[in-house]
Structures are given as C-alpha cells and as structure tokens.
Amino acid sequence: MTIPSKYDASQVEDKWYAYWIKHNYFHSTPDEREPYTIVIPPPNVTGVLHMGHMLNNTIQDVLIRRARLLGKNACWVPGTDHASIATEAKVVAKLKEQGISKSDLTREEFLQHAFDWKDEYGGIILEQLKKLGASCDWERTAFTMDPEMSESVIKVFVDLYNKGLIYRGYRMVNWDPEAKTTLSDEEVIHEERQGNLYYLEYKIEGSTDTLTIATTRPETIFGDTAICINPNDERFTHLKGKKAIVPLCNRVIPIIEDEYVDLEFGTGCLKVTPAHDENDKNLGDKHNLEVIDIFNEDASLNSFGMHYQGKDRFVVRKEIAKELEEKGVLVKTEVHTNKVGTSERTKAVIEPRLSDQWFLKMEELAKPAIKAVLGDDTDINLYPKKFENTYRHWMENVRDWNISRQLWWGQQIPAFFYGDGKEDFVVAENIEEALVLAKKKTGNASLSVSDLKQDEDALDTWFSSWLWPMSVFDGIRNPENEEINYYYPTNDLVTGPDILFFWVARMIVAGYEYKDAKPFNNVYLTGLVRDKQRRKMSKSLGNSPDALNLIKEFGADGVRVGLLLSAPAGNDILFDEDLCQQGKGFANKIWNAFRLIKGWEINDNLEQPETAKIGLSWYEAKFQKALAEIEDHFSKYRLSDALMTIYKLIMDDFSSWLLEIVKPAYQQPIDEKTYDAVITILENNLKILHPFMPFLTEEIWQYISERTPEEALIISKYPSQKTFDEEIIKDFDFATGVVSGIRTIRKEKNISFKDAVELFLIDAEKKSKKFDVVIQKLTNTAVINYVEEKVDGASFRVKSNEYFVPISIENIDVEAEIKKLNAELKRAEGFLFGIQKKLSNERFVSNAPEKVITLERKKESDTIAKIETIKSSLATLK
RNA sequence: GGGCAAUUAGCUCAGUUGGUUCAGAGCACUUGGUUUACACCCAAGGGGUCAGGGGUUCGAAUCCCUUAUUGCCCA
C-alpha cells in the first residue's frame, strides 16, 4: 500500500461527512444516557457563512463531538432566524429591482414573495456549516417562522398580555426612516458625528425684544410648541409669562419655566419640540404642551414644514439654515460634535418619533434572570466571567422592551381591533377566540369576524428567538413533552458578546418565566473576528476572507485549528491565514507520523527492545498528564489551551520523541509488542484530537484497520483518566537535557550524526540509568561511561551532573570553552548570591513558611554543587 | 460624562492562593542540517526593567494607590 506523503483534505472531508450522515451519528433521541445539548445561535436565514460563524460553530462542534466521545447523548439543534428587518429589507430591494413596490402588494402577497425568497436562498448557510464539519442533528433543523414556532410565539404573547405584562403605549420610539419601522434601544448604535450648533433668534410677542436659542436641528422649529427657560436664570426674568414667535411659520408659543434647562449649555434658552425629542416630550407632558409632528414616515417634512414639504430632513437642515441666515434669524453657527443614534441594520439616522407601540414590562421578569447569573449560587455561568459586570449593568437598568415592528415579515401581533378607540381591541391566539372575547368585552353579541381587524404590526425577531431553547423542543405548546423534559436545560451556549442582551439575557428571562428553569448552564462568549490590523471584518472593508475558499485551501480541519489556536475565550481573534497554514501543517505532520508507523514491517519473533519499553512507559505517563491538563482546560472553556496541549503532545512528545525512540533501524522490522502499543497510542491521540480535527482523525482511524459503522471514531470511547508516574516524566525531562547537550556539541564541533560519539559523566545527581539506552539511541552515542574524574573533550552540565564528549584535539577551542564556562559561572554565582542574601535575611527565615525555606536551601546546595563543577572544568582547561 | 476591562518577547497570549530555577508557550526570527515519515520537516539558539511612578510585605508580574494608553458597554 502506498500512502501519499501529503495529506489532501479535499479528498477526505466530503467522504467522511457523507459517511457520518449515512450512519446517522448526529441524530439524537431521548434515551437513558445523560443528554448534552446545544442549540445553535440561529444565523439569519438569508445569511452567508462568515468568519464569526466559523469560529462560533467550530467551538460548538468541538464541544458536541467531545460530549459524544464521552458517551453522552449529544444533541446539537441547528436552525435559522427570520431576521425581520434585514430580510424584509432584502426582499423589498429585490422586488424593487423587478419593478414591484411593497405598497402595491397585500400582506399575503408580500409574505409569499418573502417565503419564496427564503426557500430559494435560505439555509445556504447551513449547507456551508456542513463543509466545516458541524455535526448538527439536521433532522431537527428549525426556523423561527416555522408554524409551530410561530404558534409558540403567539401563545407567549397572549399569555404575557393576560398577565398584564404587555401593554400598548404612545411613546417616543426609535424610528428607522429607511426601514420605516421602530427599533428597540439595543438596535440603535450611537455614533459621534460632527454637526453644527445653530443660534436662532426668536421674537417676543408684543415687544421688540428677542431671545436666542441654540439647536442642532433647525429644521424642527416647525414642531416647536414652547420655549423653556430655567426659573433660576436671572438673565431671562424679563421673559417670564411672555410668548415667543417661531420664525418662518410665525406661530406664537408660550415661554415656560423648568429647572431641567441647563444654564451652561447653549444660550440657556431651550426650544421645546415634544414630537421629536424624548426629553422635550417629557417637558411637554409636564407642561401640557401641544405636540406637532412635522415628519412623514420616511423623515421628509409633512405639511407643517410649509414650503419644505416633501423634502428630506437633512436637505431641509441645509436649506433652512440658509433661509434663516438670509432673514437675519440665524445669529451664528458653531461646530459641534454630538452622538446620534443610527440603525444597526440600515445605518440610517434614527428619528425619535411618537407612536402607538407594544411594550413588554421587563422589571419583574428580569429579577430571576439577574439572580441566576449574579447570585451566590449561580445557576448560569458566563465565560469569561468579566461579562457578568456588563450583564449586571444592563439588567439592573433594563427598560421596557418595544416588541412591535412596522414590518410584515414576522409574526403578526395577535391583537384584534373592533373599533376606532385606542382600547377597542382584544388579544387572542386566533380570530375566533378574539371574537368571543370581543363580544364579551363590548356586550355586543352581533359582532362578527369581519368586524375585527388585526393589528398590522409584526413582532420583533428577538421575541421569537428568546424562546429558541424551549421552542425547538416544542416546550411552549407542550410543556411536559418528553423531549423538552430530556434536553432542557441545555448545557452550553456559544455566541458573541454583541448579542448578550438582545438574545442571551432574554432567553434567560423567558426560561425562568416559562420553564421556571435556566435555558443553559454555561454561556461561552467568543470574541469578534478581526483582521491583522484589529479592524472588524466587514463587507465594506473587504477584509473578510471567503470562508469556503479557506476550507478549500487549508481543509476544514486546518481552518478549525487555525481559528482555535488564536481564540482564547472572550478575546477578539486576530485572523491571519498563516494560522490556517499552521493547522494544515499540523494535519500533514500527523498524517506522516501515521505513514511512518504504517510502513513498518512487523516481526512477531522479535524481542521488545529496552528503549521502546522505556519510551512507551514514559509516553503513557505523559499522555495521562496531558489528558488531565486538557480536562482542566475544558472545564474552564479554554479551548485554545486544550488544543495547544494536544498540539504539543502530538508534535513534540509523540512525533519528535516517542517515534524516534521506538523507530527501528532503516529497513528493519519492528517487534509486535511495540507496534501494538504504538498503534494504541496513536488511536488515543486521535480520540482526543477528534473534536478539533474530525476529518483527518476519522480518515487515519479508518486507515489503521477495517472498522464497522459501530467502530467509527466519531462514536468511540474517549480515553479514561488514570493515575500516572510523575517520576518517569521528571527523569525523562532530565534525559532530554542530556540529549540536547550532546546535540549542541555535535553542532558546535561539526560532528555528523552518522559518526558515533562516546559519553563520559560524573553522576553527582545519582539519576536513574534507565534512560541511558534512550539517550544513546537518540544521539548515536556508542557507550556511556560513569567516571569520577574529568575527561578531556567538550563538556556540558545538566544540574550538577557533568558530561564529557571526547573530541579530537584540533576541535577544541580552549578560548571559546573558557568564555562559555565563565558566562555560565557568572550566572550561577549571581543566582547563588540572590539566594544567600535571602537566606541571611533573618526576617525571611523567621517569617517565610518552612516549605519555602527548605526549597531555598535546596536551591542553594544545588547551585553550589554546580559552581564547583564549572570551576574545576575551568581549572583543567587552564 | 458614567461604568467595566486590559497593558508581560517582534506578534498573539498563558501565568491559579504573593513563595518550586518564574519570567513561560505558540508563531515569527537567527544558525546549522537531503539523519529514508514529514522542507507543510529536523536540531540548536537569540530575544522581555512584566506600561510609568509610588506603597504594603521577609518576598510582588500577582495586592493597594496613582499616571498614561487602549478596548468595550451605557448615557
């Protein structure tokens, strides 16, 4: 059998993914085993795989595959999110290309287009996840607008309404004039923008006096309904009780007094526009001011804007400034930076707007969710822990959640109006039930279905995804079904910190409200993927590599390793393709180690050599030590450290040391016992590596021998932890010091590896001799002689042991040797000085614990011994 | 403006309760090497005043104060 010297992932990965699917290893049904459950953070149904998804889902797959190997019933539920604003915007844009305007369509027609779009492009991302190796239970694929999901959402809305937690309010909301919908506070991004502060002069009615106000938004003067001054401001006492005249429209408005006005800012006079600013709205409510809304829903001016009617707010701002200047109203303009809210999705500048919206009261609902994460006996752990502070800050200041959106793509709010009054509605799961309620509420038995009109708005997408961990198991509609009881609470949630509040916090809220239990035990918050220059990866910068191309180039295993090697929990990951190259290189290394082993000819008559025996027992200890470290890293969600431990184990301990130790001479056969042991070791290495590099490991596993579907690596049994011999690891580390010493001498003295050397040593350490054969083999040392006296030749020290390799006279550079020894001596003496200073300090000796003092004394005697050997070496050279 | 976090080698990061030879890892770098698994490799090596300053302590990368810089969240 010839095995190619380069590992070709593209030949392998599709084959094993198909095999895993065929044998249904990813599918889970409740059974007697312990469940291990993850629900995927559902990506946008029309989305495409980007680096963030790759990182996220690689982590989830590692956790799931590991759980599977540990014998748990692993269930990873995949799915997608309908992403109301983003998707609706895409559909609207596509229709526009075809010359169709949304306003020409009925709701039903529009939804048909949207579902067609979803069926055509939706779920591409899930196909891409398969390329990455994601072992999701695809039979469970869910979508937040599946009929069962939507039914759950409506049920929850009705329930919360009936509990008095959902209410309708005329409120200032964040209006996105581009998407023509409201946004929740969390969907608004505050950005610093440079603008102007305009100083405008208002006339005082019945007087020649004027007053000056400062505003950043001169176009909103049409909505002014008062001027406000601070009652304590002596500059304006003369204005009290007077009225001002709004420029251009010449409306007369009252001058009111309120301590809210900041004496320092601007001129100390504030224009009040209740329809277009939250603070002004509060002032307006307090002083019973008129509310004049001057904008259309696309933020162009309406008829209140007079000759600016129909023009966009930013156009008007420029034009009106000019007009005001010409009319002498604009006194001056200052450059001014302020924060403006922009839409997360459309980037449009948010317009505060008053409208009727649906809200969910959060304060009481948040309480159990706060306790779960921050209490003493925390139910839910965040990794890394630092996010608990952020979580606390948000949850303790939580505001009511605006859950209505002026969109069609989403669950339509189940409120049915029977009249024109604000309160003329009932809330029910369907129109038939609504009719019953409406009849009861109105006392009008003659009402019919046609008299009811359902609210036009849809629910916020997060109002469906906050139920995700329950609704994917139908836990809302059938709260006691077998699946929800088995899989819920889920174990780990892996997601980005950017949706800690949007999603994570709300799932916790929903979990306690509807299952009286947490939705998950642990939340692993990944970092953002950035480029090498720390810039966020984005389409507009074009710095995001094509995920599928990366997989093509480096293999899914290579990309997975590349991502995880640089992704400590919670830290941003600075993505660099070189990392994938390292992952690919690692795959190739393991492949070649396997090639080496597979190439050996086995001879069952051969005795096991001593070197192999010792090497194997050392590696077994080393493997156990690494296994314990890996467990520890996993328990702290330090996946990159766990991977690095495995990387070093396989790269250094297995390939560089063990295989070199057991390797038979060229074209010589290997004894069966050693061969079998090496194969077992290789298999164990594959098992612990499988969660990180599933394809490569399965390929080698199946190459090692014929396996039945029941024997596939993906469902094999993870190596169990055993106690191990710490001493042998220490002794081996000492031996590697000797090996390195000899190698250094070979290099310095230009002694080829092919020429055997002889080694002499003064064994002050009285070390075990069992590694001598190993040292000999690895360094091509013909014989090791234990002596009492120095021997001529190149020398080196490991602790207080002194080693000599005789070399021909012309190779000895006495000067260089002395220089080297002097440097070593100086370092040792400095070290000794430090220790002795410490030990002669009476306060140290009397205060430090006994253990520490003993250690210091040991260090002292070791160093003294070492200095002795260096000094005597120097003496012989001179 | 308020809050949180960070600052350790050229880069990305570990460093647990203050105490093992604690100043580490990976990558990068330098030098040498066709040792029959692998040049996607092997071996050896250089490199840090632990951001600056002050303090507590027998002892500080680790605890406290302070300054600077950076990032995130909120208003």
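Note that the coordinates shown come from a computational prediction; the quantities given were computed from them, not determined experimentally.
Across the protein-nucleic acid pair, A:Arg743 atom CZ and B:G45 atom C1' stand 14 Å apart, rounded to whole Å. In this entry the distance linking CD1 of A:Ile835 with C1' of B:U20 reads 11 Å, nearest Å. If you measure from atom CG of A:Leu596 to atom P of B:C41, you get 16 Å, rounded to the nearest angstrom. For A:Leu500 and B:A5, the CG to C1' distance is 15 Å, given to the nearest whole Å. Rounded to whole Å, atom C1' of B:A43 lies 14 Å from atom CE of A:Met651. The CG atom of A:Asn397 sits 14 Å away from the C1' atom of B:C4 (whole-angstrom rounding). Following rounding to the nearest Å, A:Ile189 (CD1) and B:C74 (P) show an atom-to-atom distance of 8 Å. Distance CZ (A:Phe586) to C1' (B:A37): 15 Å, rounded to an integer number of Å.
Aromatic ring orientation, A:Trp600 versus A:Tyr675: perpendicular (interplanar angle above 60°, classes split at 30° and 60°). Between A:Trp394 and A:Phe501, the ring planes are parallel. Angles under 30° get that label, and only those over 60° would be called perpendicular. Ring pair A:Tyr703/A:Phe594 is tilted by interplanar angle, where 30° to 60° counts as tilted.
Closest contact between the side chain of A:Lys386 and the listed nucleotides B:C38, B:C73, B:A5 involves B:A5. When the nucleotides B:A44, B:U36, B:C40 are ranked by their closest atom to the side chain of A:Gln581, B:C40 comes out on top. When the nucleotides B:C42, B:C40, B:G26 are ranked by their closest atom to the side chain of A:Ser656, B:C42 comes out on top. Out of B:U36, B:A37, B:C40, the shortest distance to the side chain of A:Asn592 is found at B:A37.
Here, B:U36 and B:G45 have their P atoms 23 Å apart, quoted to the whole Å. The same atom, P, is picked in B:A9 and in B:U62; the two are 15 Å apart, to the nearest Å. Of the C1' atoms belonging to B:A51 and B:U7, the separation is 6 Å, rounded to the nearest Å. Separation of the C1' atoms belonging to B:G48 and B:A25 is 14 Å when rounded to the nearest angstrom. Distance noted for atom C1' between B:A23 and B:G15: 9 Å (whole Å). A distance of about 11 Å separates the C1' atoms of B:A68 and B:G53, rounded to the whole Å. Comparing the C1' positions of B:G26 and B:A14 gives an interatomic distance of 10 Å, to the nearest angstrom. Spacing between B:G24 and B:C40 at atom P, rounded to whole Å, works out to 31 Å.
Within the structure, every side-chain polar atom (N or O) of A:Tyr7 is placed at least 4.0 Å from both OP1 and OP2 of B:C38. Phosphate contact (OP1/OP2 of B:A37, side-chain N/O of A:Ser655, threshold under 4.0 Å): absent. Close to B:C13, at under 4.0 Å from its OP1 or OP2, lies no side-chain N or O of A:Ser640. Residue A:Arg857 has no polar side-chain atom (N or O) positioned under 4.0 Å from OP1 or OP2 of B:U20. Contact annotation: A:Arg595 does not reach the phosphate of B:C41 (side-chain N/O to OP1 or OP2, under 4.0 Å). Of the side-chain N and O atoms in A:Lys636, none sit less than 4.0 angstrom from OP1 or OP2 of B:U16.
Where A:Asp641 and A:Glu856 each meet RNA chain B at their nearest nucleotide, the meeting point lying more 5' is that of A:Asp641. Map A:Asn389 and A:Phe594 each onto its nearest nucleotide of RNA chain B; the residue landing nearer the 5' end is A:Asn389.
Contacts of A:Lys648 with the nucleic acid, taken as non-hydrogen atoms under 4.0 Å apart, involve only primed sugar atoms and P, OP1 or OP2. Contacts of A:Gln667 with the nucleic acid, taken as non-hydrogen atoms under 4.0 Å apart, are absent. Among the heavy atoms of the strands lying under 4.0 Å from A:Glu660 is at least one base atom, whether or not backbone atoms are also near. Within 4.0 Å (heavy atoms only), A:Ser752 reaches no atom of the nucleic acid at all. Within the 4.0 angstrom heavy-atom criterion, only backbone atoms of the sugar-phosphate kind lie near A:Tyr647; the bases stay farther away.
For the pair A:Thr645 and A:Leu649, the minimum side-chain heavy-atom distance is 4.5 Å or more. Contact check for A:Leu659 versus A:Ile597: side-chain heavy atoms found under the 4.5 Å cut-off.
Contact check on A:Lys281 versus A:Glu278 returns no salt bridge, with no Lys/Arg side-chain nitrogen under 4.0 Å from an Asp/Glu carboxylate oxygen.
Atom CD1 of A:Ile350 is separated from atom CG of A:Asn174 by 6.0 Å, given to the nearest 0.5 angstrom. Taking OG1 of A:Thr390 as the reference point, atom CD of A:Glu388 lies at 9.5 Å (rounded to 0.5 Å). One finds the CG atom of A:Leu643 at 8.5 Å from the CZ atom of A:Phe634 (value rounded to the nearest 0.5 Å).
A donor-acceptor contact closer than 3.5 angstrom is absent between the side chains of A:Tyr524 and A:Asn522. With hydrogens and angles left out, the side-chain atoms of A:Ser752 and A:Asp755 include no donor and acceptor closer than 3.5 Å.
Among A:Val504, A:Val523, A:Ile380, A:Ile508, the one residue that satisfies the side-chain contact (heavy atoms from CB on, under 4.5 Å) test with A:Tyr391 is A:Ile508. For the pairing with A:Ile650, the side-chain contact (heavy atoms from CB on, under 4.5 Å) check across A:Asn685, A:Ile688, A:Leu686 returns one residue only, A:Asn685.
Counting heavy-atom neighbours within 6.0 Å of A:Glu363 CD, excluding the residue itself, gives a total of 12 or less.
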**Request:** Determine which bases of RNA chain B form Watson-Crick or G-U wobble pairs with both distances under 3.5 Å, and write the result as a 5' to 3' dot-bracket string with | for other-strand partners.
**Result:** (((((((..((((.....[....)))).(((((.......))))).....(((((..]....)))))))))))).
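The backbone N or O of A:Tyr619 lies less than 3.5 Å from no partner atom in the side chain of A:Trp657, so there is not a single donor-acceptor pair.
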Contacts under 3.5 Å, N or O only, protein and nucleotides 56-61 of chain B:
{"unit_1": "B:C58", "atom_1": "O2'", "unit_2": "A:Asn841", "atom_2": "ND2", "d": "3.1"}

Output one line per pair: protein atom, nucleotide atom from nucleotides 28-35 of chain B, and distance, for all N/O pairs under 3.5 Å.
{"unit_1": "B:U31", "atom_1": "O2", "unit_2": "A:Lys747", "atom_2": "NZ", "d": "2.8"}

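A donor-acceptor contact under 3.5 Å links the side chain of A:Lys589 to the base of B:C38.
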